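To start, the structure itself, in structure tokens.
Keep in mind that what you see is a predicted model, and the values were worked out from it rather than measured. Keep in mind that the numbers below use all heavy atoms, side chains included, and drop hydrogens, waters and symmetry copies. We count ligands from 1, going down the list as the structure has it; atoms in each ligand are counted the same way.
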Amino acid sequence: MDRSLTERDRQVIWHPYTQHKDLLPPIPVLQGKGSLLFDEMGKSYIDAISSWWVNIHGHSHPYIAERLYQQALRLEHVIFTGFTHEPAVILAERLLPLLPGDFSRIFYSDNGSTAVEVAIKMAIQYWRNQSLTSGSDRPAPRSRILAFHHSYHGDTFGAMSVSERSLFTAPFSNYLFEVTFVDTPTPDNIDALRMMIRNQGNEFACFIYEPLLQAAGGMRIYDAALLDQLLEEARGQRILCIADEVLTGFGRTGSLFAGEYLTQKADIVCLSKGLTGGTMALGVTAATERIFEAFLSDDRRLTLFHGHSFTANPLACTAALASLDLLLEPDCIANIRRLTGRHAAFLNSIRSYPIVRNARALGTVLAFELNIGKDEYVNNTGPAITRDALDAGIYLRPLGNTVYFMPPYCITEKEMDQVYEFLVHCIRKYSDQQVTS
Ligand SMILES: Cc1ncc(COP(=O)(O)O)c(C=O)c1O
């Protein structure tokens with residue numbers, strides 16, 4: 001008898017972020033349409049977390065699929081040094097004016113982590129190049145890096161180094177470079193943060209931050225005006241500001257980019273996830289002309305020696321162009337507004353439950369903590385909710401006891417109702433358990 005896909009998977013696959021000892025059998029997904037995923041038996045699941053936060057227009061979108069097919073027939077891939085191609089150039093031309101800042105160059109890579117790696121390398125080498133080229137007035141070399149506690153910027157070594165030290169990074173702690181971590185700004189600490197930057201600013205090469213929303217760190221939302229104050233101070237000290245918009249880009253926070261909520265602009269921005277509508281792996285690191293120029297030289301040592309086999313893959317760039325077409329359509333913008341409004345209304349309806357803490361929303365992202373156990377990733381509430389949700393035909397993946405809902409923008413009203421109803425069911429179930437225990 002044929003073995004099921006799940007059984008075959010168990011023999012040969014090593015899944016990400018998965019403890020295989022107590023693995024729930026992975027669900028074979030045969031098809032996706034809109035916000036729905038369909039398994040082998042035809043059962044549907046609402047993708048309430050946009051497949052790890054990437055999918056913005058729904059699954060298997062026919063417009064993106066058609067554009068990909070046509071591009072695959074024309075050019076599937078070509079080395080991106082010594083060659084160029086239309087999808088990469090057009091995408092850069094279209095992205096640059098949309099980004100919140102004075103960006104003039106797009107560097108392509110493969111995913112969010114590589115977009116961050118590139119950004120850090122650009123910033124570090126920017127300062128090194130200055131010291132190699134300038135004359136007697138050359139700036140003192142800068143080596144320190146500033147980042148926020150609770151940040152998450154990816155799983156490669158550089159990206160891990162600038163992320164909060166955590167369960168994820170513990171096995172590698174001796175191999176991560178040193179970073180100065182500070183709390184995200186609050187009315188209580190902002191003066192101290194500004195003072196620290198004023199006093200030590202000329203030692204810092206760069207400052208990397210997830211604007212407004214620290215996602216993997218627990219869907220933590222923080223204040224735009226306070227971040228602006230910090231950025232103003234950092235920019236005053238010529239610290240290169242790196243906005244990691246890997247998650248917040250492409251409408252997630254209600255605006256096209258989270259940087260639109262800020263008056264202070266970044267020097268470098270990292271993009272991925274929604275960039276291709278969640279269809280293909282692609283990373284973008286955008287830089288200002290000032291940074292690009294620091295790499296221009298007759299001295300080849302000043303080159304940015306970074307690239308990947310699939311840098312600027314034409315299919316991925318085409319998917320990004322198609323996704324951008326869809327994103328800028330009035331229907332999509334209306335959907336983002338619709339989600340934003342519905343999340344805000346739902347929040348008000350759950351705030352009165354004592355078990356719900358810190359109910360919050362930013363654009364299309366809704367989150368709250370359930371007051372059960374410790375606030376940590378390994379809190380077992382998360383997997384338990386995932387199991388219950390699957391039974392209800394919904395895919396949710398809480399971060400420990402932090403429950404969040406982040407759907408594709410095309411999710412229907414009915415599907416949203418279903419997810420909200422399930423969340424209320426969860427809240428009531430855990431409230432009852434607390435009463436009886
Ligand atoms: C803000 C942020 N930066 C970087 C990354 C890493 O992206 P990737 O998983 O594509 O490597 C993530 C992933 O969740 C992220 O949320």
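- Scanning the protein for heavy atoms near atom 4 (C) of ligand 1, the closest one is His153 O, 3.2 Å.
- Partners of Glu233 under the side chain to side chain contact (heavy atoms under 4.5 Å, CB included) rule, at least two apart in sequence or in another chain, are Arg194, Ile197, Arg198.
- The closest protein non-hydrogen atom to atom 12 (C) of ligand 1 is Tyr152 CE2, 3.6 Å.
- Ring to ring, Phe405 and Phe346 are not that close: their centroids are 6.0 angstrom or more apart.
- Atom 7 (O) of ligand 1 has Gly112 CA, 3.2 Å as its closest protein atom, hydrogens excluded (heavy atom only).
- Electrostatic pairing of Arg342 and Asp417 counts as a salt bridge here, judged by a charged N lying under 4.0 Å from a carboxylate O.
- For atom 16 (O) of ligand 1, the nearest non-hydrogen atom of the protein is Trp53 CZ3, 3.6 Å.
- The six-membered or imidazole ring of Tyr126 lies away from that of Phe295, with a centre-to-centre distance of 6.0 Å or more.
- Heavy-atom contacts of Ser113 reach the following atoms of ligand 1: 6 (C), 7 (O), 8 (P), 11 (O) (cutoff under 4.0 Å).
- The side-chain hydrogen bond (donor to acceptor under 3.5 Å, both in side chains) pairs that include a residue from residues 97-112 are Ser104-Glu289, Arg105-Glu289, Ser109-Thr114, Asn111-Thr114, where partners are two or more places apart or lie in different chains.
- When only non-hydrogen protein atoms are considered, atom 9 (O) of ligand 1 lies nearest to Lys273 NZ, 4.3 Å.
- Looking from atom 3 (N) of ligand 1 to the surrounding protein, the closest heavy atom is Asp244 OD2, 2.7 Å.
- Between His77 and Phe310, the two ring planes are tilted [angle within 30° to 60°].
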